[in-house]
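So that the names make sense, note that chain A is the first sequence line, chain B the second, and so on, each numbered from 1. Every heavy atom of this structure was used, including side-chain atoms; hydrogens, water molecules and symmetry mates were not. Not measured: the values here are computed from a predicted model.
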Amino acid sequence: MRKPGDRANGTYMKKLASCIVFLLLVLCRPAFAALSIEIVGGGENQIPISVVPFESDSGGVSAVIAADLARCGMFKMIDPGSAQPHDISQVNYPDWKDKGADAVVIGGIYPAAGGQYEVRFRLLDANKQTQLAGFSYTVSSSQFRQTAHRIADVIYQQLTGNAGVFSTKIAYILKRSGHFELQVADADGYGAQPIVSVNAPIISPAWSPDGKKIAYVSFELGKAAVYVQDILTGRRHVVANFRGSNSAPAWSPDGKEIAFTWSHDGHSRIDIVDEDGRNRREIEASPGISTEASFSPDGQQIIFTSDRGGSPQVYRMPVAGGKIERLTFEGNYNVSPHYSPDGKSFIYLERNGGHFNVAIQDFTTGQSQILTDGDLDQSPTFAPNGQLILYASIYGGRGILAIVSIDGRIKQRLTMQSGDIREPAWGPLVH
Amino acid sequence: MRQLMLSALLMSLLAACGSQPTKPEAKAASAASSNGAATKAAAINPLNDPHNILSHRSVYYDFDKSIVKDEYKPMIKAHAEYIDSHASAKVQLQGNCDERGSREYNLALGQRRADSVKQLMEAAGVAGSRLSTVSYGSEKPRALGHNEEAWAQNRRTDIVYQSE
């Protein structure tokens, strides 16, 4: 058994990384055909882009960039063919228009002082024959992957207008028989590292807004308690371990407070504590179950699951106290709400006949849309750019993670060679 | 240093958890045998006698429900009487849910399931200090399948006798 705070050694990590099988299924299903909705932008209109292999790119930087762009579903990848320009002076724009590329990425990797490398790239508009972006990064060879993700982020932002999430992290729980690990990996599934490893269930990881800590629920003391752990140092502390169950941690947007659920004597209510576990106070108390708080981006409201109306539904209330408002009305099981990063919508899990699926609801219109089609989908979490949703599902009898775009069109699947993965949490944007 | 101490504390706590007997039968047997009068009178421990209602230890529920069905009430009452008449008997009520839906909501629901059995036992005269509750939510399924047969087995409260 490994203690929290142990760091995996290099060999183990490499093995673990190679164990990960990243299955990608980018599907364009004929969504909402009955409603005949015209999709503007997004997965419908893929931007044709060509990523030219970079000059002296033994580290595979351009391949990682191309894989990021291909996977996200927003781009149509155009084969660069034999033309391989690396500098803007070598680019013949009409050639790229002929190939059907609207955007072209070129670059190279060159030795720099102190054993480092300069990674240069340019994003070009083939139609306007101009440069849209161009940067140079001086990095060590161990930073090639991260640099590639940063470049993909710049390209994504330039061409879609939304922040890229290729250089973000995800957390999830890996279960192998009775053993549970809280792991952190790159958003493309690479470089997975266990940060907690115990022989007891772990659920509900939640990233601090600065991405440096993760709150989670562990049963290692024989019952549910909430912990906060520093990812880099492995140091952790108990945030909530009151009589009964303590669970569902949610960070306030300023990272100073954590809302959690305290269950005892037949009731579950939402309390708030300071991040260090001190100063507990009640923000919501009603008979029955209230749980799964999620803060609005401005920190003023929470949405949460409550069965006060007889079935679990999503409600909203001001953190300072006040009127409690029911938000979901369709069906008798709507749970696990999360605010979108822009605060305009929320995702939740809906029981849909015999199926459990991820849905999204607009705060203004109140309209909702089911986005997934698994039997047992679970635990949705927003990407920090608000464009993708990561969730857990069962596929082939095993727990997997899946990604769906907020229009339901782009789908990906993330599995492990052995064990079940579940309880995903998408980390914040890092700069 | 603080981290080391925390780790050491954690390890000792984990070790303590691991050393506890995990089979309800074992706990029940030791709970019963610690009461000399009871074990002398009975050739078979009533908690393990398949013909005795006390050998039944699980209350099963419908999906998203914590209401105890009438069919389980005689069994709960029998356990309440047994606990009440055996001064050393202590029971943990362990609430569980099937895997579907929200793990967090299930954790709360499991707590309510356990607490609902506790309330019935208290109503039957057992002191609350003899009863503890815990929820495992959907985290400790007895049956591992992804089908109604497995789910039905996992929506339950277990009556677990604790060794003193």
Side-chain angles (χ1 to χ4, degrees), chain A residues 1 3-6 175 178 180 198-204 217 219-224 233-238 243-245 247-248 261 263-269 288-292 305 307 311-312 332-333 335-336 348-349 351 354-356 375-376 378-379 392 394 397 399 422-423, chain B residues 1-18 20 22 63-66 92-95 98-119 122 128 132-141 144-148 150-151 162:
Chain A
M1 182 166 51
K3 300 185 296 287
D6 271 0
K175 182 197 176 205
F180 294 78
V198 290
N199 290 319
I202 309 171
I203 60 170
S204 305
V217 175
F219 287 73
E220 65 203 67
L221 299 177
K223 57 167 239 181
T233 67
R235 214 171 264 196
R236 74 169 189 174
H237 60 270
V238 174
R243 183 173 63 88
S245 294
S247 65
T261 298
S263 301
H264 63 96
D265 299 319
H267 306 303
S268 295
R269 68 182 211 197
I289 292 171
S290 294
T291 186
E292 302 188 300
T305 306
D307 72 344
S311 66
N332 61 4
Y333 195 93
V335 296
S336 305
Y348 61 102
L349 188 72
R351 190 183 192 198
H355 305 279
F356 292 79
D375 291 337
L376 296 169
Q378 199 171 55
S379 307
I394 302 284
R422 55 190 32 192
E423 294 292 276
Chain B
M1 189 59 204
R2 195 178 143 203
Q3 185 192 349
L4 270 177
M5 284 176 64
L6 183 65
S7 299
L9 175 67
L10 176 67
M11 287 304 283
S12 61
L13 285 168
L14 289 173
C17 288
Q20 283 175 0
T22 50
F63 177 74
D64 190 29
K65 295 288 184 261
S66 55
Q92 187 179 52
L93 303 164
Q94 302 176 345
D98 72 33
E99 64 178 341
R100 295 176 292 166
S102 160
R103 289 179 184 275
E104 280 290 348
Y105 180 76
N106 283 340
L107 187 59
L109 181 63
Q111 186 72 42
R112 193 157 69 184
R113 284 176 176 168
D115 287 331
S116 68
V117 176
K118 183 175 182 234
Q119 280 168 14
E122 285 176 340
S132 63
T133 57
V134 68
S135 175
Y136 297 134
S138 38
E139 306 313 314
K140 293 194 172 182
L144 292 173
H146 305 293
N147 51 56
E148 178 51 38
W151 297 328
Q162 310 279 83

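- Side-chain contact between A/R422 and B/R103 is present, with heavy atoms from C-beta onward closer than 4.5 Å.
- Of the listed residues A/P312, A/S336, A/S379, the one with more heavy-atom pairs under 4.5 angstrom with chain B than any other is A/P312.
- Note on A/T261, A/V335, A/D307: by heavy-atom pairs under 4.5 Å with chain B, the leading option is A/D307.
- Annotation for A/P201 and B/K140: closest pair CD-CE, 4.2 Å, computed over non-hydrogen atoms.
- Counting all heavy atoms, side chain and backbone alike, B/R112 lies closest to A/G288 at NH1-CA, 3.7 Å.
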| message | Walk me through whether B/E104 and A/T305 qualify under side-chain hydrogen bond (donor to acceptor under 3.5 Å, both in side chains). | response | CA-CA 9 Å; B/E104 280 290 348; A/T305 306; over 6 Å; no
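- Within the 4.5 Å cutoff, the side chain of B/E99 has heavy atoms near those of the A/I394 side chain.
- At least one side-chain heavy atom of B/L107 sits less than 4.5 Å from a side-chain heavy atom of A/F219.
- Relative to the ring axis of A/Y333, B/R100 does not place its NZ or CZ within 45° and under 6.0 Å from the centre.
- Heavy atoms closer than 4.5 Å to chain A are found in both the backbone and the side chain of B/S135.
- Here the closest non-hydrogen pair linking B/V134 and A/G222 is CG2-O, 3.6 Å.
- Between B/S102 and A/Q378, the closest side-chain pair of non-hydrogen atoms is not below 4.5 Å.
- Of the two parts of B/D98, neither the backbone nor the side chain holds a non-hydrogen atom closer than 4.5 Å to a non-hydrogen atom of chain A.
- A/V217 has its side chain out of reach of B/E139: every pair of non-hydrogen atoms, C-beta onward, lies at least 4.5 Å apart.
- Per-residue counts of heavy-atom pairs under 4.5 Å with chain B were compared for A/I203, A/N332, A/D375; the largest is that of A/I203.
- For A/S263, the parts lying under 4.5 angstrom from a heavy atom of chain B are both the backbone and the side chain.
- Taking CG of B/D64 as the start and CD1 of A/I289 as the end, the distance is 7.5 Å to the nearest 0.5 Å.
- In this structure, the portions of B/Y136 lying under 4.5 Å from any heavy atom of chain A include both its backbone and its side chain.
- Legend: residues meeting side-chain contact (heavy atoms from CB on, under 4.5 Å) with A/D265, ordered by chain and number and at least two apart, are A/R243, B/K118.
- Within the 4.5 angstrom heavy-atom criterion, only side-chain atoms of A/L349, from C-beta onward, approach chain B.
- For A/S247, the parts sitting under 4.5 Å from any heavy atom of chain B are the backbone and the side chain alike.
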